[in-house]
Structure formats: C-alpha cells, structure tokens
Number of protein chains: 4
Amino acid sequence: MRSKIDQVGQNKASFIEEARRRQIVEGAISTIASAGLPQASLARIAQDVGVSRGVISYHFAGKDELIQQVVNALFAETNRFIKARVDRAPDAPHRLRAFIEASFEFMAANRANFVALVDIWGSFGSPEAKRRFNADMYDPCRRHLEGILRRGQENGDFRDFSPRTLAATVQGAIDGVMLQWVFDEAAVDLADCAAELAMMFDMATRRRA
Amino acid sequence: MRSKIDQVGQNKASFIEEARRRQIVEGAISTIASAGLPQASLARIAQDVGVSRGVISYHFAGKDELIQQVVNALFAETNRFIKARVDRAPDAPHRLRAFIEASFEFMAANRANFVALVDIWGSFGSPEAKRRFNADMYDPCRRHLEGILRRGQENGDFRDFSPRTLAATVQGAIDGVMLQWVFDEAAVDLADCAAELAMMFDMATRRRA
Amino acid sequence: MRSKIDQVGQNKASFIEEARRRQIVEGAISTIASAGLPQASLARIAQDVGVSRGVISYHFAGKDELIQQVVNALFAETNRFIKARVDRAPDAPHRLRAFIEASFEFMAANRANFVALVDIWGSFGSPEAKRRFNADMYDPCRRHLEGILRRGQENGDFRDFSPRTLAATVQGAIDGVMLQWVFDEAAVDLADCAAELAMMFDMATRRRA
Amino acid sequence: MRSKIDQVGQNKASFIEEARRRQIVEGAISTIASAGLPQASLARIAQDVGVSRGVISYHFAGKDELIQQVVNALFAETNRFIKARVDRAPDAPHRLRAFIEASFEFMAANRANFVALVDIWGSFGSPEAKRRFNADMYDPCRRHLEGILRRGQENGDFRDFSPRTLAATVQGAIDGVMLQWVFDEAAVDLADCAAELAMMFDMATRRRA
DNA sequence: CATGAATGAGTCTTCATTCAT
DNA sequence: AATGAATGAAGACTCATTCAT
C-alpha cells in the first residue's frame, strides 16, 4: 500500500515535470520557427509558452540543454514517423521509397519543426560541436538508410554500390530540398520533388535487368 | 586638372576601401568557419583580421551589412567557378554533369566557405528574411540549372519533366550532401557522392532510347 | 484532558521544531564552511541537510534570520566552552590564560565553525549592520575578558592598564591568528601561537615585582 | 621622430587605461566599504564612479578580476607604507615596533580600505581560493615580519623563539584589533591598542638581561 | 509539516555601435 | 582612415521567496 502511494506520488511528480518540459520544448520549437533562433531568447520562449522567465531555468540546466532537448525531440519525432512507414514496406525497394516519401510527408505536416531545425543547424560554434551533432543525430539516420540498402543488395534487389555513399546521398537530397522549402514554402513543390527523388533513387539502385 | 587629381584621389580611395572591405569579408568568413557565427563578434573578427574594433563599423553600415557581403562573396565566388565549368561543356547533359562536379570540386577546395555558409543559413530571424535570402541567393542558382535543363529538353537531349522541380532537386542534393560534410569532413566521401549524383541525374534526365 | 493533549502536542511540536532548526543551522554552518557563504544558497543548504527547498523558509523568516541563528549558535557554543574553562581557574592570571588556551583548543576542534564565521564576518552590508553584529556578539566577549582583567587588577594580581584596551587586544590576537588558520590550516601552528600569546599576555599583565 | 610619436601615443593610451583602472578600483573600495561587498554590484560601483555599466567589463575581465585588483591595491598600498617606516628604523627591535605602529597609523588614515578588506576576507568560496589568497597576500606580510625577527635573533637583540610563529602572532594581533575597529570605529582605541601591542611584543622578544 | 514548482527581481556579461581624437 | 574608449541594451542565469497540494 505504501509503495503504491509513493509510486503514485513519484509518477505524478515525474508526469508534471515531463509535461512541463515537453511544453517548453514545443514552445521553443514554435518560437524558433517563427522568430528565428537568434531572437529566441529564453524570455521570449517563456512568454510564448505563457510562463515566467525562471521556469525554463528551473526545468533545464541552461539554454544549451533546452536546445539539445529540442534537437532530440525534432529527430525522435521524425525518425519515429519514418520508421513506422519503412517497417510496413514489403521489400528493400519499397522501403527506400517509403523512407523518401515519409520524409517529405512528415515535413509537409510539420513545417515548424524543420524551420527550427535549419536554424539550429547553424548554431553549433566549434567544429567539435558540429561533429558531435552529426554523430548523435545524422549518423543514426544514415545507418538506417544504409541498413535498408545493404539488405537490398544481399537480397539481390539492388545493384552493387557503396551503401554508405548512397545513404548520404539519399539523406542529403531530402535535406537539401527541405532547406529550400524552409526558406520559402513556395519555392519548391514538395510532392513533386518527393516523386522525382523516389523515382530517381529507385532507378539508381535497382539491378539492371 | 583638379578633377583629375580628385579622380585619382577617389580611385585610390576606392581601391583602398575595396581592399579593406574584401579583407574584412574574408576575415569574417574565416572567423565564422572556425568559431561559429554565434561566437563571431565584430570584435573577434577585427582581432582575427588584425585591425581595430571600429574599422568594421567604419567600412560597413553594421553587422547585418557585413554578413550580407559575406553571403554575396560566398555565392559570387561559387557561382563564378561553376559557371566557368558549365560554359565549357558542349551540350546540356554535359553541362548538368559539369554543374554537379564543379559544385563538389569547389566545396572540397574551399571548405571554410561552406562551413560559414551553413552557419549563416540558420541566422535569418524572420520568415521574411529567409524568403529574401532564398530569392536573392538560391533562385539564381536554380534558374541557372533550370536554363540548362530547359535547353536540354528543347534540344531533345532530355526527357520531359518539370525543369523547376528538377533544378530544386539537383541543387538540394548537392547542398544536402555538403551539409553533412560540413558537420564532419570524414562523414561523407565528397568524390563518391559527386560521381553517384552525376550518374543518377544523368540517368534521370536522359530521354529513354 | 484536552489541555493536556494540546500541551503534549505543542511540546512535541516545539521539540520537533527546535530539532529541525538546529539541524538546518548546523547544515548551514557545514555548507558555508565547505563551499563559502556566496555559494551557500538556501537550495544548496537544503540539499546538504537532505530536506526540500521550502523547509528552510518554513522554519526561518528568511535567509537573514538563518544566518543570524548561525551566528548565534557559533558564538554561544564557543562562549559556553570558554566560560566553563575560565570558571574552573583559581585566579585572574589563570583565568586569562584559560581564556586564551580554551579559545585555541575550541578552534582546533571545531574548524568548520570558524571557517563559516570568517565568511559571515564580511557579509554585513551596511556599517550599521556591522555595528550591530559587533555590539551583539563581540561586546560580550570583550566584557567577559574585561571582567577578568579588572578583577585581577582589583586583587592586585595585574598591573595598571586599560582593561578595555587589553580586552580588545587579547580578543584581537586570538581572532587574527584564527583568521590566518582559517585561510590555510597549514599556515600557522595553533598550539604554538596559543602558548606564545598566553605567555606574552601573562608577562604583559602581571604586576612587576 | 616617429618613434617618439608612437611612444607618446602608447604612453598616453596606457596612461588613460591605467588611470581608469585605478579610478574604478578606488571606486570599488569605496562602494564595498560603504555598502558591503554583497551589495557592491558592478552596476552600483559604476554608478558611484560615475561611469556606465559597461566600462568595468571593458577594463576588467570580470568581477573576479576587479576584486583581485582591489585586493592587490589594498595590500600594495599598506605594505608600501609599512615598509617605508620599517626601513627607516635602526635595528630589529625598532623595526618590529615600526611595523606595528605603522600598521595602526595606516589603518587610522585609510578606514575604507580595511572595511573593504574585511568584506573581501569572507568572499572566497572554496578552501582552495582561501588558501591562494593566504599564499599571495598574507605570506609576504608574515615573511617580512619573519625576516625582521630572524635578523634580530642573529644580531642577538632577540631571544630564542620561532620567528614563524611570532610573525603569525604579530600579524594576527594587528588584524584582530583591526577587525573590531572595522565593525565599530568606537569599539576600540586604535592608538592605545598599538601602544599596548608594541610594548608587549617588545617585552616578549627581547633577550632577558 | 513538508514539498517542490513557480516567480521575478537582480547580477554578470557580451556586444554592436558611437564618437572624440 | 583608423583607433579604442565608452555606452547601454539585451542576454543567460541565480536565487530567495511564495504557495497550492
């Protein structure tokens, strides 16, 4: 009985804590997306969330940790969506296509996430910080793609190529189109680009008959 | 007589002025690339260039103008290099290939430029500023590509597709790979990616026999 | 019956209350001694004591009152020890010696108390606050010494001097040596200093034969 | 000619810089003395000096450096005064007396310095910082005294004792009396204490006839 | 009694910019 | 043309204190 009370108490505390953190992280994404990272001061984020200035410092060790959590949230959400789509596909070619299509679909539905992401891309001071971001965030994406491509080669669906290089290329093509779309929503047609890229990478990977 | 002296004086002044501006712009690129935009204060740039704090404010209206000049310099230099290569190619397919290969070649030879560029990418506060950057800097690149593609279609070298969408896709693929390479030089093999993309876009654009 | 219960309740409450206050005061001394007063936030003290942040505010009107209680505890404990030693001495010269020796003995056994005290010494903002601290805490010490010295003069054990000045001098010598020892335990030999001061003040107060 | 101009330029620059630093350091001493270290924010110091908030940050790396410079100034000025007096004395006993008397004389003439010093005494967070302060500031004082005492022993003017311990005792007695006087100017008679201590240490060090 | 989330005032610090020399 | 001292706004962060649970 006692353990139950304690548990409830702890869960409640954790729950409130987690809810606040999520709320602040989402508010930060929204503020960054609408005002730009340089203008997204803790004061402004707090104001947008509707809490006092000190709350953020209370829940996060500092601005660095908040941004880190934003990045984590951004990638986690995207990856979860893509993975679900990819896992539903029957074979490697379809999985590759699902990866590309899901990426663009998620973009279209979550513009603020990517606007914020582009701002954060350029905010890492040192080369070392850039490297760490790449290792923590981009490597898993590339490895996911690499796995799809490699298994496709093993099954004989794909021709011979460097899975590593093609993974970087697929991810790069998606990100690069996204970048232009972030700068101006009207500059590129997301659906057309998705279709074009899906077709191109399909052609480029399939074994010649 | 007097006007001549004045002219000489002005020309000399203009020359010195221009030289100083170029020197500062190049120093800014170098500082941004090595320390990151957030750490690249005017004081630090001035220190790296080896001039006093006030010189930058003397030659530029403000930090915004300096960054704008940096962006201009970055794109101008890149575009000049690519254009020279493209113009030497005999037909549309070769011009497209030249565009891609020249892009990667220039990257490899001017890493600091692109590290700085990625930092600046994320520094535009408002959506409006992002849009303007896109219109001023990216649109010309896409239009250049679009022209190559459209003429290729007119000549019958290329199949039917949306030149606009494919231009965005080509540029996107180049930028996206560049981004990963900026984060970590060792993360991607630039030459392999260049070859892969050149081949893919060649296949994707050519008219089916 | 009821009153009895209430009384018991109150006594128990008072007892718990007092225990908590003592616990917090002692925790504060320890935290101040190890981290320094500037770093000894209520949050940190609470953490070191092992209670929640709000408990201190619950039991003390504010940080000022807590520090005041710390000062009280510091002086009370020290004075109790010294007084017990002094009262055991047979005559004025022995009482003076006992005062000095007990002071150093208590120091050696309660280092944290004095490290904390030195930090608090310097934390009184206004001249008025300094004066009040002196009146409340140092005056009693000097008066204790003054009484010893004056009675020694009345008994003919001591030569003629200003008891007030000598009291300040004795207390000063003790505190000044303590200060150096607080800064660096290895900087001074407490026992040697105690012996030296005891001897010196003995010589300086005794009536010339 | 050119070198002269340059030299003048540099000297002037250095001179202005040094003057400002001195001005700020003296302002800081005055503010600390009147308001207490905890209330002596950079904003308040700047206001008292009559300059803008940013000037202090411009001339000092941070508050820590400012306080360090205050400490340096405090000790340098005091030591210079004492040393001049001591050096004029003919032999060791007179030098010891000069040390004590000069200390008290300087105190009386520079109250703010010592009020500030007592506040700073307690502001060193970690034991390590306290140790460093002791090593940098107090050790030279004690070594000065130690030298006087040791040479007095070698000349046969002083009896046998530990110069190190007696140095700590002399310095301690001076500081401890000073402390009480800092808390309340009326609490101790500086001149009387000086005379008493000078006499006592004279008696305590002299060789018995 | 106790908790800890929330507050907002206050502090240090950085920085673009101005201006007298 | 260049300097660098000075400014003041804006930022992140700390902390004593309050209060609903």
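Source: prediction; values computed, not measured. Any value given below was found using the heavy atoms of this structure, including those in side chains, with hydrogens, waters and symmetry copies removed.
At whole-Å resolution of the value, CD1 in A:I24 and C1' in E:dA6 are 11 Å apart. Taking atom CD1 of D:I45 as the reference point, atom C1' of E:dC12 lies 12 Å away to the nearest angstrom. Atom CD1 of A:I56 is separated from atom C1' of E:dT7 by 13 Å (rounded to the nearest Å). In this entry the distance linking CD of B:Q47 with C1' of F:dT3 reads 15 Å, nearest Å. Rounded to an integer number of Å, the gap from A:K63 NZ to E:dC12 P is 22 Å. When the C1' atom of F:dA2 is taken as reference, atom CZ of B:R21 falls 16 Å away, rounded to whole Å. The distance from atom CZ of D:F15 to atom C1' of E:dT21 is 17 Å, rounded to the nearest whole Å. If you take CZ of D:F60 and P of F:dA5, they are 13 Å apart, rounded to a whole angstrom.
Among the nucleotides F:dC13, E:dT14, E:dC12, the one closest to the side chain of D:S57 is E:dT14. Of the listed nucleotides (F:dT7, E:dT17, E:dA2), E:dT17 has the atom at the smallest distance from the side chain of B:L42. When each of F:dA2, F:dT18, E:dA2 is scored by its nearest atom to the side-chain atoms of C:R20, the top-ranked nucleotide is E:dA2. Counting only heavy atoms from C-beta on, B:E17 has its side chain closest to F:dA1 among F:dA1, E:dA9, E:dA16. The side chain of B:S52 approaches F:dG4 more closely than any other nucleotide in the set E:dT3, E:dT17, F:dG4.
Using modelled atom types, one finds no donor on one side chain facing an acceptor on the other under 3.5 Å when comparing B:R44 with B:Q47.
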Worksheet entry | Chi angles and distances behind the side-chain hydrogen bond (donor to acceptor under 3.5 Å, both in side chains) call for A:Q68, A:D64 | CA-CA 6 Å; A:Q68 183 59 51; A:D64 286 353; over 6 Å; no
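D:H59 has no side-chain polar atom (N or O) that falls below the 4.0 Å cut-off from OP1 or OP2 of F:dG4.
A donor-acceptor contact under 3.5 Å is not formed by the side chain of C:Y58 with the base of E:dA2.
Between the CD1 atom of C:I32 and the CD1 atom of C:I45 there is a distance of 5.5 Å, given to the nearest 0.5 Å.
C:S41 comes within contact range of the sugar-phosphate backbone alone, with a heavy-atom separation under 4.0 Å but no base atom that close.
Considering only heavy atoms from C-beta on, A:S34 stays 4.5 Å or farther from A:V115 through its side chain. C:L117 has its side chain out of reach of C:N113: every pair of non-hydrogen atoms, C-beta onward, lies at least 4.5 Å apart.
For F:dC13, the paired base is E:dG10 (Watson-Crick or G-U wobble, both distances below 3.5 Å). Across all strands shown, the partner of E:dA20 is F:dT3, judged by Watson-Crick or G-U wobble contacts whose two distances both fall under 3.5 Å.
Comparing B:V51 and C:R53 by the nucleotide of DNA chain F whose heavy atom lies nearest to each, the residue mapping closer to the 5' end is B:V51. Looking at which nucleotide of DNA chain E each of B:P38 and C:V55 is closest to, the 5′-most match is held by C:V55.
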